[in-house]
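Lettering follows sequence order; numbering is per chain, from 1.
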Amino acid sequence: MYLDELNREQREAVLYDQGPLLILAGAGSGKTRTIIYRVAHLIKQGVSPYEILVMTFTNKAANEMKERIRDILGTKYPGMWVGTFHSICLRILQQESIHIGYRTPFTIYSTSNQDTVIKKCIKELDLDQNKFKPRMFSTAINKAKNNLQSYDKFLDSNNPYDKTIGKVYKLYQEELKSNNAMDFGDLIMNTVILFRENREILKKYQDKFKHLLIDEYQDTNRAQYKLVSLLTQNNKNVCAVGDDDQSIYGWRGADLNNILDFENDYQNVKIIRLEQNYRSTENILRAANSVINNNINRKVKELWTDKGIGTKVHLYQADDEETEAYFVLKTIKELNLIKGYEWKDIAILYRTHAQSRPLEDAFLYHNLPYKIYGGTRFYDRKEIQDILAYANLIVNPHDNTRINRIINVPRRGIGERTFERLSNYAAEKNVSYYEAIERTEDIDTLSATYKNKINDFKSLIEKLKVFENENPVDEVINEIALTSGYIDDLSELKKRNSVEAETRLDNIAELINVANRFATLNPDAGLKEFLSSIALETDVDSYEEEDESVTLMTLHAAKGLEFQVVFLVGLEEGLFPSLKFDSNDEDDELEEERRLCYVGMTRAQEELYLSYARSRRQYGEMKYNMPSRFISEIPNECLDQINIEEETGVRSRKQYNKAVECNNPYIVGDKVEHEKLGIGIVLEIDEDIIKVDFLQSGTRMLATEFAPLRQIKDDEITDSMQDIEPEKKKAQLSNGMPDFTVGDIVEHDHFGIGEVAVYDGEFITIDFNNAGRKMLSIAFTKLRKV
DNA sequence: GGTTGCGACGTTTTT
DNA sequence: CGTCGCAACC
């Protein structure tokens, strides 16, 4: 009996019969299991699969659910709707598109397509292209759609900036409509509009879906929230599952209040908390719990585990991003060799994609198999977008943006002027580009030569249309690549630039593979379905557990996954948490960063490594960041500091066997020798000025360019030099600074006056009146009690 | 009409 | 450090 496999709370959630149910499921508490068992139970109770709707945020989660429901019931239920918010809405809209003025099939515009259209709008509105970047508008428009706001609200605004947004938004929307295209935001918003304006259609779906289950409810935005509430107006069988501590999509419009206010939105809500964590050891969980405990805006809960204490959370301080990468590499090799972990058991998580590069370099150089998820997305590659533009055109010929993209790709002599004449005609007659193409004879401005060229393009598309009717999708893609001349073009290029052309050809081959897999799995589906499915697909969806390689991904992409070993790298102020917070510490955005940290830490089952670098290249220049405040939020007894001081510096840099280029050769903590002033330690660095604390003569500011300084290597250190540390500490003590306690008012030479917030003997966190919160290493900091 | 070179600019995170 | 867009070149 499947109920035996559940704990008490999980079982209660599965058996709870009618009415709104909120499952607050902590990280690793068996959330997915609970949902699928609930679905299985409903079906066993006689609920038809047709009456169940399960909505998730990622395709990966949706696929996993489908698979596990099938496993547990032993049959496949094709009638059950399980999918992402976007795919569910797409499915509804494709059936009902006529009611909102769209033709079926319409096309979906991804982020990059969106930018293309917006760029065109900016041009058409004659806005200063240096001042107005497409990104500003796409951000604003997406945000508006997430909040169900139309352009009217912006146009009515008194704020000139908002007015401009309104103008672009409006034109953009008209452009989409005439291209018969929708962007991601439209998929949700238009479904809500459809339901609001057509009561009988809404009723149809309300009647159909007797049970709604929503995964990751904490990530719903206003539009998604509205969608759920419309569908559940009459029958309140809504089961929302989520964890407010794992809400990490605020920037995408996710509203934490949707989950925090669930009890107020519905009457007689049953709340079930899943607090037993089945994933991590005690040390990891305690560390994660105490980090997230610093958030104010949350439902208080405390996860527990019976997995045993486990090893402590490891902390490593690196000199720079390269030594950090080397540390990760070295540790992974040891874990594999000594403890027997496999590559696939290990993940490296970071805040931004850019951080993957040094790791990738190190892994490549030392032959460690790895796989990076996300980043430059496969479907965003130029050649893929080009081929898919043809495919989309076959399905939806009114797609002007895509005609524009490929009418002369590869080159077929239809230049800018020719295209302009074509588009002018289309604008004049108020027809789509493709309709204009069908009527080239009417376009007086075109000479016979160019009419012929356009006609050739037309017959290319027409032939592909015929081909598409009779062939599976992978062959259609292949045919496009061939007959468009794209392959020939690349083969030609290959003679001159073999690497570039080679990878592009490989990518096209991979696209054909993807199409082939799709055709095999969905024998009844055609090109239209294939295009919809990949429009909503991301790289993370292709994550495969069987892969024999180490996983690299962003923290966002890691949600929902678990690994035996997790490295969380780049824990530095300014990078993670990413934004520069001034004095207003308890900020929504900071709390979201902290949740992200919590998500990352709770991915680990057995070993968790945290690391930060004292210096890091950002935007091509050296930055010296403080260790992340999140580190100081972890209790000391859970932490195991691998190196502070003895293993940093020259030695590990040498081990990495690579010259570190940098204008300023010093980093904080380096030991240096001055011709006259003797031996000292670098305290602070500001561009090419460094502040050095000399043993004999106190602190001095020096210009690295002129000062007769040299760095002392570790192996040169003589007995007397090794005493630098104890000497320093003694000096501090004799200065009348026995110890600090929280609340002490202190003065720092550079940051000024502040109040001690956290102090653990090693690091001290101070809220400076002017400089904000800083965490400083006590060994390198001169502080005076005031 | 296409290619190459230079300067300005910028980074979270994704369906 | 890269990429992107633009301008001058072939």
- Task: Write down the distance separating the C1' atoms in B:dT12 and C:dG5, rounded off to the nearest Å.
- Result: 23 Å
- On DNA chain B, more 5' by nearest nucleotide between A:His556 and A:Thr418 is A:Thr418
- Would you kindly give the CE-to-C1' distance between A:Met136 and B:dG10, to the nearest whole Å? 15 Å
- Query: A:Gln618 CD to C:dG2 C1': how many Å, rounded?
  - Reply: 15 Å
- Query: Which is true for A:Phe57 with a 4.0 Å heavy-atom rule: it touches a base, it touches only sugar-phosphate, or it touches nothing?
  - Reply: sugar-phosphate
- Would you say the ring centroid of A:Phe630 lies under 6.0 angstrom from that of A:Phe576? yes
- Message: In whole Å, I'd like the distance from the CG atom of A:Asp115 to the C1' atom of C:dC4.
- Response: 12 Å
- What residues form a side chain to side chain contact (heavy atoms under 4.5 Å, CB included) with A:Tyr161, not counting sequence neighbours? A:Met136, A:Asn159, A:Ile165
- Interatomic distance where CZ belongs to A:Phe576 and P belongs to B:dT11 [whole Å]: 20 Å
- Task: Using only side-chain N and O atoms of A:Arg351, determine if any of them is under 4.0 Å from OP1 or OP2 of B:dT12.
- Result: no
- Query: CG of A:Leu590 versus C1' of B:dT13: gap in Å, rounded?
  - Reply: 16 Å
- Any donor-acceptor pair under 3.5 Å from A:Arg616 side chain to A:Lys623 backbone: no
- Query: Has A:Arg411 got a side-chain N or O lying under 4.0 Å from the OP1 or OP2 atom of B:dT3?
  - Reply: yes
- Task: Identify whether any heavy atom of A:Ser110 sits under 4.0 Å from a base atom; if not, whether one sits that close to sugar-phosphate; answer base, sugar-phosphate or nothing.
- Result: nothing
- Do the side-chain N or O atoms of A:Arg135 get closer than 4.0 angstrom to the phosphate oxygens (OP1, OP2) of B:dT11? yes
- Output all residues satisfying ring-ring contact (aromatic ring centres under 6.0 Å, His included) with A:Tyr450, sequence neighbours left out; order by chain, then residue number. none
- May I ask you to check whether A:Tyr433 and A:Phe419 place their ring centres under 6.0 Å from each other? yes
- Query: Aromatic ring centroids of A:Phe137 and A:Tyr172 under 6.0 Å?
  - Reply: no
- Query: Is any NZ, NE, NH1 or NH2 atom of the basic residue among A:Arg617 and A:Glu321 found under 4.0 Å from an Asp or Glu carboxylate oxygen of the other?
  - Reply: no
- Looking at B:dT14, B:dT12, C:dG2, which one has an atom nearest to any side-chain atom of A:Arg357? C:dG2
- Query: If you check every side-chain atom of A:Thr554, which of B:dG1, B:dT13, B:dG10 has the closest atom?
  - Reply: B:dT13
- Atom CG of A:Asn59 and atom C1' of B:dT14 are separated, to the nearest Å, by 12 Å
- Query: Any salt bridge between A:Arg614 and A:Glu572, counting N to O under 4.0 Å?
  - Reply: no
- Query: Can you find a side chain N or O atom of A:His353 that sits less than 4.0 Å from OP1 or OP2 on B:dT14?
  - Reply: yes
- A:Asp361 CG to C:dC1 P, straight-line distance once rounded to whole Å: 13 Å
- Kindly state whether the pair A:Trp251 / B:dT13 counts as stacked, where counting means centroids closer than 5.5 Å and planes tilted less than 30° apart. yes
Between protein and nucleic acid, restricted to nucleotides 5-8 of chain C and to nitrogen or oxygen atoms under 3.5 Å apart, what atom pairs and distances do you find?
unit_1, atom_1, unit_2, atom_2, d
C:dG5, OP1, A:Lys119, NZ, 3.0

- How many Å lie between NZ on A:Lys623 and P on B:dT12, as a whole number? 13 Å
